[in-house]
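Report on one structure; see the data block that follows.
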Amino acid sequence: MCFYIARLKFGEAKLRAYREMDGSTSGVEDNDIDWNTEDELELDNFTLSPCSSLLLTGGEANAFSGEASSCPSSSNSKVLDQFIGMGFSKKMVEKAIQEHGEENTDAILEMLLSDSVLESSSQELQQTDSDHFSSDYDGSFLDDFSDLESSGDEEIMSPTSEEEKLLMSLIKMGYTEEEASIAIERCGLSSSLLELTDFLSAAHLAKAEDALLPLEQKPGLKHLHTDYPKKKRKLLVNQVSKRKRQNRLIGEDNETVRLPNPMIGFGIPTGPCQSHRTLPKAAIGPPYFYFENVALTPKGVWDTISRFLYDVPPEFVDSKYFCAAARKRGYVHNLPIENRIPLVPLPPQTIDEALPMSRKWWPSWDTRTKLNCLQTCHSSAKLTERIMKALEGYDDIPPERVQRGVMHECRKWNLVWVGKNRVAPLEPDEFEMLLGFPKNHTRGISRTDRYKSLGNAFQIDTVAYHFSVLRDMFPNGINVLSLFSGIGGAEIALHRLGIRMKNVVSLEISEVNRNVLRCWWEQTNQRGNLIHLPDVQELNADRLEQFMSSFGGFDLVVGGSPCNNLTGSNRYHRDGLEGKESSLFYHFFRILDLVKSIMAGI
DNA sequence: ACAAAGATGAGGCGCTTA
DNA sequence: TAAGCGCCTCATCTTTGT
């Protein structure tokens, strides 16, 4: 599937990047290439030499940079960098430049495309035990790309037929080309994407039911093949349809997920707790899994997430019940919910407790006791100035109109009082404290990066409360697959619970974040292994099997996928689950499903 | 080149009111 | 019941500064 994912990448951004590089379009959309420039450079060598891409905690990661600087083609690093920025490996680009010269970018691209096709499809063939995986589409897709280059038209990358459109959408969602083809074949070309995913979802359910039966060597596609017992699949598809009908009957319009009020999930340390729930059969581990994302998404997103994650209803929790800042999040997991224990000591529960220095300056008319959600951006000093000026003329209590204006800004930007009439945004170390991270956890990286990384992180006390049930179950420690690890919220939660991590395979695209986690890992003298990989999209079945056979499977698969296209804070690309970054959710599902299959076979 | 500052609403929910 | 209002949200993009 790597190959097809790679194709989609081209379809969306890279070809545009290439055309820009070529000077054939204006730079209006230059932002499109941002996503894979800085952070994905470590994709290099991943597919070419699997072992060398492991960034072990020893810190040999920098070996690559030395190697790169000695490369002959680095004299003109612009062409090199641009192609690397498009997602090709450094070795491949260097080889292509050597062969065709730096100027001949067309020939370079052509060679890179054909190389990556060969490389990826050979990988795919290794993964797939069936000859059913025909190369029909390889050819047509490849032809598409040849056309792309020659025509230079702006509409060229759009799929030519309805079938290809559906195919690409499904592949982007993490299904293999074969699964997608079969789904389209079975459901018909006129089917909606939802119907197709429903079909595939039901098929996966069917597969999960088969997990008890002897499994073939690789996680295959038996559950989708036409010779799969039609009766059973029909039954499962019918179940899905039945559920849909029920939803319609009760006026839910096919959307079952509603946000609870109060948002306390199955319970909080200081309140009532639900003691039992029944999980769908397909959801029951091993492994345990834990998925996180923002609670307030566009409509239907959590329905889709839940449907993919084995129909487990999300647990929505606002972290304001755990600490002094709000953080409304949804968690889909299959952990037990009985006998949860909070981390001790309990973190400060109010602004007043969390920021005692601000008490002196806190005006009586600011009635906040909790902060709003900690985000990745903060206000400027200019707003502080404006607020100070607005309040300057009043000795005591300003008029209500002024109060309202000031409070509006304070809530919007999470401002706190730091002097007479003086507000300020929270400092990065205050973010760390409120989110339950060790002090100075992110120290050493730029201030902007600290806000960004922390704004995207877990609230440790909340997650640890959910994880706490694992402690007695795994007295000897656990193996963790950590997707979208960020600065290591999950790892820190486990550590603070006293759960030993024997092996952690961590996937994180940002080098800055990987460094933060690695530093913490070393500082806390972890005895287990931390294995870092950059990109979830590159984690295939072979690689997973290698890991799992070496240390006997994963006990926990955890991750919070990118929320960029889901959060209301995004004014530009709130595109939902199909958005550029947020669609990586489907890789969480893909990888979890692979792990489940492999575990069932071990 | 990098870091920081400044400008940039929509969408969804809860609540009140007519 | 519907309309109106207040409130909140793991952000992005361009410009400016160093």
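Model, not experiment: these values are computed from the prediction. Below, chains carry the letters A, B, ... as their sequence lines are ordered, and counting in each starts from 1.
In the model, A:Ser506 has no side-chain atom that pairs as donor or acceptor with a side-chain atom of A:Ser482 under 3.5 Å.
Listed candidates were C:dT9, B:dT8, B:dG6. Nearest to the side chain of A:Ser569 is C:dT9. In this structure, the nucleotide among B:dG12, B:dA5, B:dA4 sitting nearest to the side chain of A:Lys299 is B:dG12. With C:dC10, B:dG14, C:dC13 as the choices, the nucleotide that has an atom nearest any side-chain atom of A:Asn261 turns out to be B:dG14.
Counting distance only, with no hydrogens placed and no angle test, the side-chain atoms of A:Arg411 and the base atoms of C:dC8 include no donor-acceptor pair under 3.5 Å.
Regarding A:Trp413, its CH2 atom lies at a distance of 10 Å from the C1' atom of C:dA11, rounded to whole Å. Counting to the nearest Å, the P atom of B:dG12 and the CG atom of A:Leu259 are 12 Å from each other. Distance CD1 (A:Ile445) to P (B:dA3): 10 Å, rounded to an integer number of Å. Protein atom CG of A:Asn565 is 15 Å distant from nucleotide atom C1' of B:dG11, rounded to whole Å. What separates CZ of A:Phe316 from P of B:dG14 is a distance of 12 Å, to the nearest Å. C:dC10 atom P lies 18 Å from atom CG of A:Asn513, rounded to whole Å. For the pair A:Asn570 CG and C:dC10 P, the interatomic distance rounds to 11 Å; values are reported in whole Å. Rounding to whole angstrom units, NZ of residue A:Lys328 and C1' of C:dC8 are separated by 6 Å.
Across all strands, A:Arg447 comes closer than 4.0 Å only to sugar-phosphate atoms, never to a base (heavy-atom distances). Within the 4.0 angstrom heavy-atom criterion, only backbone atoms of the sugar-phosphate kind lie near A:Cys373; the bases stay farther away. At a threshold of 4.0 angstrom between heavy atoms, the contacts of A:Ala381 are confined to the sugar-phosphate backbone, with no base atom among them. Heavy atoms of A:Ser319 sit nowhere under 4.0 angstrom from any nucleic acid atom. Across all strands shown, A:Lys382 has heavy atoms under 4.0 Å from sugar-phosphate atoms exclusively, and none from any base.
The side chain of A:Asn372 places an N or O atom within less than 4.0 Å of a non-bridging phosphate oxygen (OP1 or OP2) of C:dT9. Residue A:Gln375 has no polar side-chain atom (N or O) positioned under 4.0 Å from OP1 or OP2 of C:dC10. For the pair A:Thr448 and B:dA4, the criterion of a side-chain N or O lying under 4.0 Å from OP1 or OP2 is met. Taking side-chain N and O atoms only, A:Arg574 has no distance below 4.0 Å to OP1 or OP2 of B:dG11. For A:Thr376 and C:dC10, the shortest distance from a side-chain N or O to OP1 or OP2 is not below 4.0 Å. The phosphate of B:dA4 (OP1 or OP2) has a side-chain N or O of A:Ser446 nearer than 4.0 angstrom. For C:dC13, one of the phosphate oxygens OP1 or OP2 lies less than 4.0 angstrom from a side-chain nitrogen or oxygen of A:His573. Distances shorter than 4.0 Å separate some side-chain N or O of A:Asn564 from OP1 or OP2 on C:dT12.
Closest-nucleotide positions on DNA chain C for A:Cys377 and A:Leu371 were compared, and the one nearer the 5' end corresponds to A:Leu371.
By the 4.5 Å heavy-atom criterion applied to side chains, A:Ile387 and A:Val423 are counted as neighbours.
In this structure B:dG9 sits in no base pair that meets the Watson-Crick or G-U test at under 3.5 Å. With a cut-off of 3.5 Å on both Watson-Crick or G-U wobble distances, the partner of C:dC5 is given as B:dG14.
For A:Arg277, the CZ atom is densely surrounded, since the number of other residues' heavy atoms within 6.0 Å is greater than 12.
Ion pair A:Glu432/A:Arg443 not flagged as a salt bridge, since none of the NZ, NE, NH1 or NH2 atoms sits closer than 4.0 Å to an Asp/Glu carboxylate oxygen.
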Quick one: do A:Phe585 and A:Phe291 satisfy ring pair (Phe, Tyr, Trp, His ring centres under 6.0 Å)? Show the steps, please.
CA-CA 9 Å; A:Phe585 156 74; A:Phe291 173 82; 5.2 Å; yes

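Atom CD of A:Glu538 and atom CG of A:Leu507 lie 10.0 Å apart (nearest 0.5 Å).
One P atom belongs to B:dA5, the other to C:dC10, and the distance between them is 23 Å to the nearest Å.
No side-chain donor-acceptor contact under 3.5 Å links A:Trp302 to the backbone of A:Ser306.
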